There are 2 protein chains.
Amino acid sequence: MKAIGNVELFFKGDPYNFAIKAFCTRWKPFLIKAIGYDETTRFNRFTKQLPISEKVLTENLRELEADGLITRTVYAEVPPRVEYKLTELGRSVCPILEAIYDWGWNEMKRLGLPIDPLGEMWHGYRERDEKVMESPFKR
Amino acid sequence: MKAIGNVELFFKGDPYNFAIKAFCTRWKPFLIKAIGYDETTRFNRFTKQLPISEKVLTENLRELEADGLITRTVYAEVPPRVEYKLTELGRSVCPILEAIYDWGWNEMKRLGLPIDPLGEMWHGYRERDEKVMESPFKR
DNA sequence: CAGTATCCTTAGGGATACTG
DNA sequence: CAGTATCCCTAAGGATACTG
């Protein structure tokens, strides 16, 4: 964004955009939810559970880590193992994400829009099918 | 986004992205908050209170209206007068936005980051100064 | 006053190939 | 397995001039 007077400052100093950037983007709610479901998750698990490219996944995980929402633990094994977990701060955004999901779910229902069943399983709106939840997007 | 299998469907049917698109974008929290503060707001008031261009403002207002979060009332006067108000649905997102703002505010405070005082006034974290709140970005 | 109409720039996301 | 490294593309946002 170009600067008009104090515009940059306005956005840099804004808690809305700070928080939205931290966990209200296209992928982050899913990543946080995916970790929550498994308690601890590995890199490839994400790529099986979500239609996300490696590059975008890496970027998002690095940001979540930098913002303190998740931890990344590397185990010195062959083949390598890296595990992702939510931090306390990461868990603190879950109720907000639940509220966002619920709002969207209710509004979509009201409008009669089709809702993805996978997300509903993750959120407890639909009975879980572990086979489907494990790797719906495995390529 | 290109389609990989059922990716498009995944996103179209996702309540997170539905809700985020509806009110968790760069400008919409401000617009919703700006209306809330004034109860009813006019087009030019937004451009004085926020560093937003007319084009982007128009787009955002149209989307908010299409999604049922605000109403747009045209009065047949000269010069023209158009007033924007929150709907019941629009008011229903305010608690979620408050939670998002609060999370961001607390986290920014913890990190020692500077927070824009104007937003703090709007949110009651700082004493109101009507002169500043009226048109901080008037050009 | 309340917008359109243009034109332009950039950041986010995507596909794919490669590596320690 | 868990990522980098490239290259590409489009959609969101921005500046500015104009209008009923």
Side-chain angles (χ1 to χ4, degrees), chain A residues 1-8 10-12 14 17 20-22 24-31 34-35 40-65 70-84 135 137-139, chain B residues 1-5 7-8 10-11 14 17 20-22 24-31 34-35 40-65 70-84 135 137-139:
Chain A
M1 165 183 233
K2 294 276 178 59
I4 323 172
N6 45 353
V7 174
E8 286 282 9
F10 181 68
F11 273 100
K12 283 225 172 94
D14 166 48
N17 282 273
I20 287 175
K21 199 168 179 319
C24 293
T25 61
R26 178 168 203 166
W27 292 108
K28 287 178 182 177
F30 292 111
L31 300 182
I35 295 177
T40 166
T41 304
R42 302 173 63 176
F43 190 86
N44 267 15
R45 172 72 67 86
F46 287 116
T47 66
K48 289 176 191 164
Q49 291 184 329
L50 297 167
I52 190 174
S53 75
E54 290 92 334
K55 184 197 126 189
V56 177
L57 175 56
T58 301
E59 287 172 355
N60 276 274
L61 290 174
R62 294 289 184 277
E63 283 181 24
L64 287 169
E65 194 192 358
I70 65 173
T71 56
R72 177 176 181 272
T73 311
V74 182
Y75 295 89
E77 302 175 1
V78 178
R81 182 162 61 100
V82 178
E83 295 201 333
Y84 294 91
S135 55
F137 292 102
K138 187 177 174 113
R139 278 168 274 194
Chain B
M1 166 180 231
K2 294 277 178 56
I4 322 175
V7 174
E8 285 282 9
F10 181 67
F11 273 100
D14 166 48
N17 282 273
I20 286 174
K21 200 169 180 317
C24 293
T25 60
R26 179 168 202 163
W27 291 108
K28 286 177 182 177
F30 293 109
L31 300 181
I35 295 176
T40 167
T41 304
R42 302 174 64 175
F43 189 87
N44 267 15
R45 173 70 67 87
F46 287 115
T47 66
K48 288 176 192 165
Q49 290 185 329
L50 297 167
I52 191 173
S53 75
E54 290 92 335
K55 184 197 126 190
V56 176
L57 175 57
T58 302
E59 286 172 356
N60 276 273
L61 290 174
R62 293 289 184 276
E63 283 181 26
L64 287 168
E65 192 190 358
I70 66 172
T71 56
R72 177 176 182 272
T73 310
V74 183
Y75 296 90
E77 304 175 359
V78 177
R81 181 162 62 101
V82 179
E83 295 202 331
Y84 295 91
S135 54
F137 293 102
K138 187 178 174 114
R139 279 168 274 194

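Every chain is numbered from 1 and lettered A, B, ... according to where its sequence line falls, protein lines coming before strand lines. Not measured: the values here are computed from a predicted model.
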> Rounding to a whole Å, what distance do you find between A:Asn60:CG and C:dA11:C1'?
Replying inline: 14 Å
> Whole Å only: how far is the CZ atom of B:Arg26 from the P atom of D:dA11?
Replying inline: 19 Å
>> For B:Glu59, give me all partners under side chain to side chain contact (heavy atoms under 4.5 Å, CB included), at least two apart in sequence or on another chain.
In response: B:Lys55
> In Å, rounded to the nearest 0.5 Å, how long is the span from OH of B:Tyr84 to CZ of B:Phe46?
Replying inline: 7.5 Å
> When the distance from CG of A:Leu57 to C1' of C:dT16 is rounded to whole Å, what number comes out?
Replying inline: 16 Å
> In whole angstroms, how far is the C1' atom of C:dG13 from the CD atom of A:Glu63?
Replying inline: 12 Å
> Taking atom C1' of C:dG12 as reference, at what distance in whole Å does atom CD1 of A:Ile52 sit?
Replying inline: 12 Å
> Separation of A:Lys21 atom NZ from C:dA11 atom C1', in whole Å?
Replying inline: 11 Å
> A:Val78: what forms a side chain to side chain contact (heavy atoms under 4.5 Å, CB included) with it, not counting sequence neighbours?
Replying inline: none
> Once Watson-Crick and G-U wobble pairs under 3.5 Å are found, how is DNA chain C written in dot-bracket notation, 5' to 3', with | for any base paired to another strand?
Replying inline: ||||||||||||||||||||
Produce the list of close N/O pairs, under 3.5 Å, pairing protein atoms with atoms of nucleotides 1-4 of chain D; give distances to one decimal.
unit_1	atom_1	unit_2	atom_2	d
D:dC1	OP2	A:Asn44	ND2	3.4
D:dC1	O3'	A:Arg42	NH2	3.3
D:dC1	O3'	A:Pro80	O	3.1
D:dA2	OP1	A:Arg42	NE	2.9
D:dA2	OP1	A:Arg42	NH2	3.1
D:dA2	OP1	A:Val82	N	3.3
D:dA2	OP2	A:Asn44	N	3.3
D:dG3	OP1	A:Arg62	NH2	3.4
D:dG3	OP1	A:Arg72	NE	3.2
D:dG3	OP1	A:Arg72	NH2	2.3
D:dG3	OP2	A:Tyr84	OH	2.5
D:dT4	OP1	A:Arg62	NH2	2.9

> How far does OG1 of A:Thr58 sit from CD1 of A:Ile52, to the nearest 0.5 angstrom?
Replying inline: 8.5 Å
>> Checking B:Asn17 now: which residues fulfil side chain to side chain donor-acceptor pair (under 3.5 Å) with it, not counting sequence neighbours?
In response: B:Asp14
>> If the condition is side chain to side chain contact (heavy atoms under 4.5 Å, CB included), which residues does B:Arg42 pass it with, not counting sequence neighbours?
In response: B:Arg81, B:Glu83
>> I need the B:Ile70 CD1 to B:Glu63 CD distance, nearest 0.5 Å.
In response: 10.5 Å
> Whole-Å distance between C:dG12 P and A:Asn17 CG?
Replying inline: 12 Å
> Roughly how many Å is it from CD in B:Glu59 to P in C:dT6, rounded to a whole number?
Replying inline: 15 Å
> Do the non-hydrogen side-chain atoms of B:Arg72 and B:Leu61 ever get within less than 4.5 Å of each other?
Replying inline: no
>> Using side-chain heavy atoms (C-beta onward) and a distance below 4.5 Å, is B:Leu57 in contact with B:Phe43?
In response: yes
